[in-house]
Amino acid sequence: MSTQTAHLAIRGMSCANCSQTISDALESIDGVVEANANFATDEGTVEYDPEAVSLAEIYAAINEAGYSAERATRSIGITDMSCANCADANERALESVPGVVDAEANYATDEAAVEYNPADASLEDLYAAIEGAGYTPVRDDGDEDSDQARRDAARQAEIRRQRRLTIFGAVLSAPFLVFLADMFLLDGALLPETIFGVEFGWVEFLLATPVQIVLGREFYENSYTALARNRTANMDVLIALGSSTAYLYSLVVLLGLLAGSLYFDTAALILVFITLGNYLEARSKGQASDALRKLLEMEAETATVVDKDGTEREVPLEDVAVGDRMKVRPGEKIPTDGVVVDGQSAVDESMVTGESVPVEKESGDEVVGSTVNENGVLVVEATKVGADTALQQIVQTVKEAQSRQPEIQNLADRISAYFVPAVILNAALWALVWFLFPEALAAVVGALPLWGLVGGGPAALSTFEFAVVVFASAVLIACPCALGLATPAATMVGSTLGAKNGVLFKGGDVLERAKDVDTVVFDKTGTLTTGEMTLTDVVAVERDEPEAAADGGEPAADGGAESLTAPPSIDEDEVLRLAASAERGSEHPLAQAIVEGANDRDLDLADPEDFENVPGHGVRATVEGREVLVGNRRLLEGEGVDSAPAAAEMERLEREGKTAMLVAVDGAVAGVVADADTVKESAADAVAALRERGVDVMLITGDNERTARAVAERVGIDPENVRAGVLPEDKADAVEAIQAEGRQAMMVGDGVNDAPALAVAHVGTAIGSGTDVAIEAADVTLMRDDPLDVVKAIRISDATLQKIKQNLVWALGYNTTLIPLASLGLLQPVLAAGAMALSSVSVLSNSLLFRRYTPDRDYELLGRFRR
C-alpha cells in the first residue's frame with residue numbers, strides 16, 4: 001500500500017479534546033492510517049492511502065467534526081484543450097497531485113478551478129501537472145488584473161494563430177476545390193493529366209503535404225499525448241485518424257503500390273475545415289467572455305484623494321486605502337466601494353444591479369465602486385478596496401459559477417468518456433463489414449439518394465478503397481466537441497447574463513436548481529417589506545382604581561391588598577419613554593424605531609440597567625429602578641404578567657398590519673407601542689408573477705399571526721401559507737419541514753437570522769440589502785432589494801437550462817443522425833469534416849445568441865396584477 005501524508009492547518013481547536021475529536025474522526029475513515037492534531041500549533045498530519053480515501057473526504061470529515069482545514073482555490077488558464085476529453089485529462093492530472101482536494105477543468109472557458117492544500121501543493125506543482133498532461137498553463141503572478149490580462153492575451157494569441165493556420169491551409173487547398181468541381185460536375189474534362197510536365201497526382205501531393213505538416217502537426221502531437229501520456233482518446237485522435245488515413249492511402253496509390261483513387265484533396269480539406277472550425281470556436285469563446293471582461297474594464301483607473309488638509313491629489317486606483325476620502329465629480333466613476341460623507345447626487349448603478357434608474361445618494365448612503373456619478377459632487381470614504389469590492393466579488397462569483405457545472409453536465413461527461421473509443425470501433429467495424437460484404441450492403445444502401453456522394457459506392461471504387469472511405473468518414477463525422485461545449489458554453493453565458501442583471505449564482509449547479517423551485521418562502525421584514533420600521537402608535541392602558549369600601553371608608557379587606565399594591569396608570573408619553581429607555585440597549589429595527597419615535601417627541605430617555613435581550617420575544621431591563629418589559633405576549637406570560645387589559649388594542653393594531661408590542665412596568669401591563677413596516681412596491685407583483693408560473697408562495701416571520709396575515713393579504717399570499725411567530729433559530733427547521741412535504745423550496749431572506757434557513761433550502765437567496773452573513777450562506781445573491789428579482793433569477797435559470805438542452809439535442813442529434821450515414825457509406829470524408837467543424841460552431845453560436853435574452857422583458861405583462 002502506497003501512502004501519502006497531508007499537512008493541514010486546522011482552525012477552530014481550543015483544547016486537547018478538540019485535537020482528539022479531529023484525530024478520532026479522521027482515523028474512523030477507511031484508508032486513513034494515522035491522524036494527529038495539535039491544538040497548540042493549530043496543525044495536523046494525516047497519513048492515508050489515496051487509493052482508498054481522497055483528500056476531499058478528509059477535509060469533509062474535519063468539517064463534519066466542527067472544524068475547518070485551510071485550503072486555497074485557484075483558477076488556472078489552460079491553452080490547447082480541444083474537447084471535453086481534454087478537460088477530463090487535465091482534471092485527472094491535477095487531482096493526482098498530492099495536496100489537491102478537487103479540480104474542475106472547463107473546456108468552454110479554457111480554465112481549471114483547483115482547490116488544494118497550500119502546505120502540500122504549490123502553483124508550480126499544478127502547472128507541472130498540466131504540462132505533464134500535454135497542455136499549456138497560463139502562468140499567473142497573483143495579481144488578478146494582470147492574470148486576467150494574461151489570459152485574455154493568450155486567448156487572442158490563440159485566435160490569431162488559428163486564423164493564420166486557416167489562411168495558410170485555405171490558400172494551398174483552394175485548387176482542390178477546382179479539382180473537385182471538375183471531377184463531380186465536368187467528369188474530369190477541364191483539367192489535364194499533367195501540369196508543367198508533372199503528373200497531376202504529384203501536384204496534389206505537393207499541395208497537400210505542407211497542409212498535412214503545418215495544420216496536421218498539432219493534431220498528431222495532441223493525439224500522441226492523449227494516447228501515450230493520458231491513456232485516453234480525444235477529438236484530435238479522430239481528426240488525425242481521418243486525415244492520415246486519406247493521406248497515406250493516397251500516397252500508397254500514388255507510389256503504385258495499390259490501385260485506386262487519390263484523396264489528397266480530402267486529406268487537406270479535412271484539416272482546413274477543422275482548423276477553420278477551431279478558429280471560429282476560439283473567437284466564439286472570446287465573445288462569450290466579453291461581458292465579464294467589459295465588466296472589469298468598467299473599473300476606474302484613478303481616484304482623486306482628498307487629504308486631511310483639503311489637498312486633492314490623483315492616485316492610481318491600487319493606491320487607494322480603506323479610510324481614504326475621494327472626491328467624485330459629475331460624470332466620473334466612483335473609484336471603489338464606500339460611504340458618502342458629503343454631497344448629494346444621483347448615481348447610475350445599472351452595471352451592478354441592472355437597474356436603469358439612477359439612485360439618489362446623500363451623506364451616510366453606501367455607494368458601489370465603478371458606478372457613475374450623474375450630477376452633484378460627492379465625497380466618498382473608501383470602505384472596501386481591491387479584491388474586496390463589489391465589482392471584484394461579482395466577477396469572482398461569476399468565474400466560480402462557470403467552473404461549477406450543472407448536474408446535467410454529468411450526462412455529457414459520461415457520454416464523452418466512451419465516445420471516441422466507441423466511434424473508432426464503430427468505424428473499424430463498418431469498414432471491415434464493407435470490405436467483407438460489399439455487394440450485400442450495396443444492395444440495401446444503394447437505393448438511398450446520398451449514394452452518389454461517395455462516387456457511386458463499391459461498384460465505382462475498389463472494395464478496399466471504399467472501406468477506407470467509410471472508415472475516414474465515420475471517424476470524422478463524430479464530434480465530441482459539440483457535446484462537451486453544450487453545457488459549459490450556455491452556463492458561461494447564463495451566469496454572466498445573471499451578473500449583468502444583478503443576479504449572482506454561486507455555481508452552474510445552482511443555476512440548474514433554481515428552475516426546479518416549486519415553492520418560494522419569503523422572510524417578511526427587509527424582504528417583502530422595506531425593513532425601515534417607524535413608530536405609529538402609543539396606547540396607554542387604563543388600570544382599574546382600587547375598590548373602595550361600601551360606606552365610603554377604607555378599601556375592602558378581601559382582595560383589597562392586591563389592589564392597593566397595583567401600580568397606577570401612566571400616560572402615553574411615559575409608556576413610550578420607559579419603553580424607549582429599555583430598548584436603547586437593542587439593535588433590533590423594532591427597538592430602534594421606538595427609540596427614534598421617542599426622540600422625535602423630545603422625551604428624556606434614561607440608560608437601562610440589567611438589560612437583557614430575549615430572542616424572538618423582546619427585552620427586559622431596569623429603568624430608573626422600575627422593571628420594564630417590552631415585547632410579545634409570550635414574554636409577558638413568561639414573567640407572570642397578565643396581558644388581557646391590552647388584548648383589544650393589540651388585536652386592533654395587528655389587524656392593521658402593524659407590529660404591536662406590550663409594555664409592562666413593575667409587573668403590570670402599562671401600554672402598547674406599535675411599529676409599521678412599508679410593503680415594497682414590487683412585492684405584490686413578485687408574488688403574482690411567481691403564482692403565474694405555478695410556484696407556491698409562502699411567508700415566514702417571527703412576527704405575530706395577525707400582522708403576518710395582514711402583510712400576506714396585501715401582497716397576495718394565501719393565509720394558509722403563512723408561518724408566523726417563528727423564532728430565528730427555528731426558521732431552518734421550518735424550511736426543512738416545508739421541504740419534507742416533497743417541495744423544492746427557495747428561501748429568500750436578508751438577515752443574520754435567515755442564514756441557517758438559506759443554507760438548508762433547495763436554493764437559498766439573499767436579497768441585496770441583506771447582511772454579509774446571509775449573502776455568504778446563500779446560493780443566489782440579488783444585488784438589488786427588489787422581490788421581482790426572485791422571478792428574474794428563476795427565469796434566467798429556466799432559460800439557461802433550455803439553452804443547454806437545445807445544445808445537447810443538437811449535439812446528440814447530430815451524432816445520432818450522421819454517424820450512421822457515414823457508416824453506411826453515404827458521406828464523403830471531406831463533407832464529414834466540414835459537418836464536424838460546423839457542429840461545434842453551431843453549439844457556440846446558439847449559446848452566444850443567449851446573450852440577447854432579457855429576463856425582465858415580460859414584466860410589463862404583469863400590469864394586470866398591479867395594485
Side-chain angles (χ1 to χ4, degrees), residues 519-531 533-537 539 541 579 588-591 593-594 614-619 629-639 641-664 669 671-680 683-684 687 691 696-738 740-741 743 745 747-751 753-754 756-757 787:
T519 304
V520 172
V521 183
F522 283 105
D523 177 50
K524 180 177 75 68
T525 306
T527 304
L528 289 178
T529 64
T530 62
M533 308 297 295
T534 56
L535 180 69
T536 58
D537 297 85
V539 180
V541 174
H588 196 283
L590 293 172
I594 293 172
V614 184
H617 295 291
V619 299
L629 302 173
V630 185
N632 56 25
R633 296 173 180 84
R634 281 178 289 180
L635 177 66
L636 270 64
E637 289 170 2
E639 297 293 327
V641 179
D642 182 15
S643 61
E649 289 296 338
M650 288 284 288
E651 291 180 10
R652 176 183 67 81
L653 294 169
E654 289 170 353
R655 281 196 302 270
E656 294 173 2
K658 299 172 182 176
T659 300
M661 292 156 282
L662 293 161
V663 181
V669 65
V672 180
V673 293
D675 292 345
D677 188 5
T678 305
V679 174
K680 293 178 180 177
V687 173
R691 296 183 68 170
D696 205 8
V697 184
M698 306 183 76
L699 175 67
I700 188 169
T701 178
D703 217 332
N704 63 79
E705 187 80 21
R706 290 189 183 89
T707 302
R709 286 180 178 271
V711 172
E713 182 180 359
R714 291 181 62 184
V715 300
I717 297 176
D718 294 334
E720 62 269 20
N721 284 347
V722 175
R723 305 285 190 275
V726 181
L727 297 177
E729 60 269 24
D730 296 332
K731 283 189 176 181
D733 293 337
V735 172
E736 287 186 324
I738 291 170
E741 300 172 2
R743 300 171 182 261
M747 172 68 193
V748 186
D750 77 323
N753 57 10
D754 297 325

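All residue numbers in this chain count up from 1 along the given sequence.
When the salt bridge (Lys or Arg N to Asp or Glu O under 4.0 Å) test is applied to Asp696, the partners found at least two apart in sequence or on another chain are Arg743. In terms of the side chain to side chain contact (heavy atoms under 4.5 Å, CB included) criterion, residue partners of Val711 (sequence neighbours excluded) are, by chain and number, Lys524, Thr529, Val679. For Glu705, the salt bridge (Lys or Arg N to Asp or Glu O under 4.0 Å) partners at least two apart in sequence or on another chain are Arg709. Every residue two or more places apart in sequence or in another chain was checked for a side chain to side chain donor-acceptor pair (under 3.5 Å) with Ser643, and none qualifies. Residues satisfying the side chain to side chain donor-acceptor pair (under 3.5 Å) test with Thr659, not counting sequence neighbours, are Asp703. For Ala676, the side chain to side chain contact (heavy atoms under 4.5 Å, CB included) partners two or more places apart in sequence, or in a different chain, are Thr536, Lys658. Residues passing the side chain to side chain donor-acceptor pair (under 3.5 Å) test with Glu649 are Arg652, sequence neighbours excluded. Listed by chain and number, the residues in a side chain to side chain contact (heavy atoms under 4.5 Å, CB included) with Ala593 are Met533, Asp675 (sequence neighbours excluded). Checked against salt bridge (Lys or Arg N to Asp or Glu O under 4.0 Å), Asp718 has the following partners two or more places apart in sequence or in another chain: Arg691. In this structure, the side chain to side chain donor-acceptor pair (under 3.5 Å) partners of Glu651, at least two apart in sequence or on a different chain, are Arg706.
With hydrogens and angles disregarded, a donor-acceptor distance shorter than 3.5 Å links the side chain of Asn632 to the backbone of Leu635.
A 4.5 Å side-chain heavy-atom check between Asp537 and Val672 finds every atom pair outside the cut-off. Put simply, the side chain of Val619 does not reach to within 4.5 Å of the side chain of Val614, judged on heavy atoms. In this structure, Met698 and Ile717 have side chains that are not in contact, with every pair of non-hydrogen atoms separated by 4.5 Å or more. With a 4.5 Å cut-off on side-chain heavy atoms, Val663 and Val673 count as touching. In this structure, the side chains of Arg723 and Thr701 stay at 4.5 Å or more apart for every pair of heavy atoms.
When all heavy atoms of Gly526 and Lys680 are compared, the pair lying nearest together is O-NZ, 3.1 Å. Of all heavy-atom pairs spanning Leu653 and Ala674, the tightest one is CD1-CB, 3.8 Å. Here the shortest heavy-atom pairing between Gly749 and Asp523 reads CA-CB, 4.0 Å. In terms of heavy atoms, Val722 sits closest to Ala712 at CG2-CB, 3.5 Å. Nearest heavy-atom pair, Val641 versus Ala664, reported as atom, atom and distance to 0.1 Å: CG1-CB, 4.1 Å. Between Ala683 and Leu528, the shortest heavy-atom distance links the atoms CB-O, 3.7 Å.
Atom CG of Leu699 sits about 9.5 Å away from atom CZ of Phe522, to the nearest 0.5 Å. The line from CG of Asp677 to OG1 of Thr707 is 10.5 Å long, rounded to the nearest 0.5 Å. Taken from CZ in Arg655 to CD in Glu713, the straight-line distance is 12.5 Å, to the nearest 0.5 Å. Atom CG of Asn721 sits about 8.0 Å away from atom OG1 of Thr519, to the nearest 0.5 Å.
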### Criterion side chain to side chain contact (heavy atoms under 4.5 Å, CB included) on Leu662 and Leu629, from CA distance to verdict
CA-CA 8 Å; Leu662 293 161; Leu629 302 173; over 6 Å; no
